[in-house]
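Note: hydrogens, waters and symmetry copies are ignored here, and every other heavy atom, side chains too, is used. We count ligands from 1, going down the list as the structure has it; atoms in each ligand are counted the same way. Since we're looking at a predicted model, the values are computed, not measured.
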Amino acid sequence: MITASMQKLLNAQLNREYSSSYAYLAMAAYAESLSLVGFAHWLRTQHREELEHALKFYEYIHAQNGRVTLAAITEPRAEYASIFEVFQKVLEHEQFITRSIHEVYAAAEAEKDYATKTFLGWFVSEQVEEEAAAQLMVDRLAMIGESKGSLLYLDKEARKRE
Ligand code: FEO
């Protein structure tokens, strides 16, 4: 059982996970347009992970006898100045998601909703990994500057993401 206000917060987070998924797919499409298939693969993998995150919220809300309500998904940005900018935006977005997860966690704590706190604990840890993965890409892309050869090397590396 969850409160009406917690249900609203969880549904809002579910929507943010779908919006994230859609944003990453748009970024993948941008990478595809540059024939950077490794980065596109990385971003599509991220897209799928976000769908899984959204479904975890869907399942949890129902498991708690709540009601899932789906809201509109924000239209994602289609164009970027570079792959470097794409990954800067990935990092910024993950930092935003971390803050939002922490806000829902804090609300669960305030309500003494221990089940939701436990559920969200997985996301708190996941966000540490998500930010670290994005930060690594930003750092490496910053390191190579304008070198096309190094960009292609990183593109090949990004293809290895499972
Ligand atoms: Fe589901 Fe990347 O946060």
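Ring geometry for Phe119 against Tyr60 counts as parallel: the plane angle stays under 30°, on a 0 to 90° scale with 60° as the upper cut. Using a 30° and 60° split on the angle between ring planes, His93 and Phe96 fall in the tilted class, from 30° to 60°.
Each of Glu50, Glu52, Arg48 was compared with Ser21 under the side-chain contact (heavy atoms from CB on, under 4.5 Å) criterion, and only Glu50 meets it.
Of all heavy-atom pairs between Gln135 and Leu91, the closest is OE1-CD2, 3.3 Å.
Glu94 has no carboxylate O lying under 4.0 Å from a charged side-chain N of Lys89, or vice versa, which leaves the two without a salt bridge.
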> Stepwise, does the side-chain contact (heavy atoms from CB on, under 4.5 Å) test hold for Phe39 with Val86?
Replying inline: CA-CA 10 Å; Phe39 292 119; Val86 166; over 6 Å; no
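Near-neighbour remark for atom 1 (Fe) of ligand 1: protein N, O or S atoms under 2.8 Å are Glu17 OE1, Glu50 OE1, His53 ND1; waters not counted.
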